[in-house]
Amino acid sequence: MKKRLIQVFSSLMLVCLLSLIVGCQPSHEVSSNAKNNSTAASTLHDKKVNVAMANSAFSPETIHVAKGTTVTWKNDDPMPHTVTSKTGLFDSKDMESGKTFSYKFNKPGTYHYDCIYHPGMTGTVVVSDKSSPQTEKVKSTSSAKTSADSKDKIKPLGTGTAGEPKQPDALRLLPYKMENGYKVFHLNAEQVWWKVNDHKKVKSWAFNGSVPGPEIKVNQGDKVKIVVKNDLPEGTTVHWHGLDVPFKQDGSGGISQPDIKPGQTWTYKFTVKSPPGSYMYHSHPMKDMLKQEEMGLFGPFIVEPKGTGWKQVHPGYQDEYTLMVNDSPQFGYTINSLSYPATPVLPAKVGDKVLVHLINIGSMDHPMHLHGMHFQELSQDGSPLPSPVTMDTINTAPGTTYDLSFKADQPGKWLFHCHITQHTTDSSGNMSGMISMFDVKK
Ligand SMILES: [Cu+2]
């Protein structure tokens, strides 16, 4: 009897042990579908893994998979999201509610992605070479080394905090949310690698990971709140250049406010009273203003007429582009911090009326010349000129903004470039630097 009892007991133990071992398998799956477990990383041996998109978050936020795994994202939210790789490797584009997107990860590595519409909605896929725990360990050591390499916390090339949608002029448009009658924008001052062209990668200090920072586009009369987070190693502020705001909102460090310390946030609040036109924002700290501007802490601020919707082209125009010219030692001679041939090619159709917001953030004059057509200077520093002047070259001065208008009346690839040849030629004599192009098609 006693012997029999022991037999039963030991077989029961065996069953328990077996079920424990087997239980490990589904537990991975559970964590891949976990609803609340947003930060936990899970090791997955499956070749298919699901990630949910709910409450504007990816769940799980981080997954570990073996190479060859297909990851499928599903949008469980009522609003559209995207799954957009920070390096441009994959992009779901708009995913309406209920839609799915899949991508097969064939190469080991760490893949960061986000939703272009929702700042902070980010996720990571860590792909290991093999699925064994041993490899996982090696992988995590090597990724620890990578983060040690970037001790100064410079984010990878092409990443932006908010991942704003890119415009044809290579700028990002900063999204906002309406809160109690205010358009609320978020700017994050951070360190990021920036690619000036295929041969030049530089360290930059950027708003939301891009230089220039994302374009803030508002309507005249809008009430705006701009929340600035400082992720730089030193204090900063943001000055609203050309916009007449109350003194407390001026953003001059040590004068109208203290510098925003590293890790801190500051909210600017004002009504946009300035006329429709081109303005900008840039850092204006008590200390090291020159360095901060040269490192890339600036962006365009465009005011549209009242009643014009966000993303809409200025009424009466078919195309609207913003170009920031710069000569900072960090980036060199650039347009939107890009050097030819990486500079934007701006599309237009024959007959289009084109509006150009031209801003000089550099410290030199740049006479910008248009081929094939003449333009009118409509306004300067946001103020409309009493009688617009027609010209083909406009000498832009540091800190000055211009609004130019022209009719694209014949097809062609029409250069728009600085006419100081040292700013458009490299040391080998090749075209480089401050050259952009309007591509006018029939
Ligand atoms: Cu120039």
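For ligands, and for the atoms within them, numbers begin at 1 and follow the listed sequence.
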Self-check item: Residue and atom, protein N/O/S, under 2.8 Å of the Cu ion (ligand 1)
Solution: H366 ND1, C418 SG, H423 ND1
Quiz item: Any luck finding a side-chain donor-acceptor pair between D327 and S363 under 3.5 Å?
Solution: yes
Self-check item: Side-chain H-bond candidate by donor/acceptor type, Q220 with S274, under 3.5 Å
Solution: no
Quiz prompt | Sequence-distant partners of D250, salt bridge (charged side-chain N to carboxylate O under 4.0 Å, His left out), two or more places apart | solution = none
Practice problem: Could I get the full list of salt bridge (charged side-chain N to carboxylate O under 4.0 Å, His left out) partners for E320, not counting sequence neighbours? | Solution: K217
Quiz prompt | Residues forming a salt bridge (charged side-chain N to carboxylate O under 4.0 Å, His left out) with E234, sequence neighbours excluded | solution = K291
Quiz item: Would you say the side-chain atoms of Y113 and W73 include a donor-acceptor pair closer than 3.5 Å?
Solution: yes
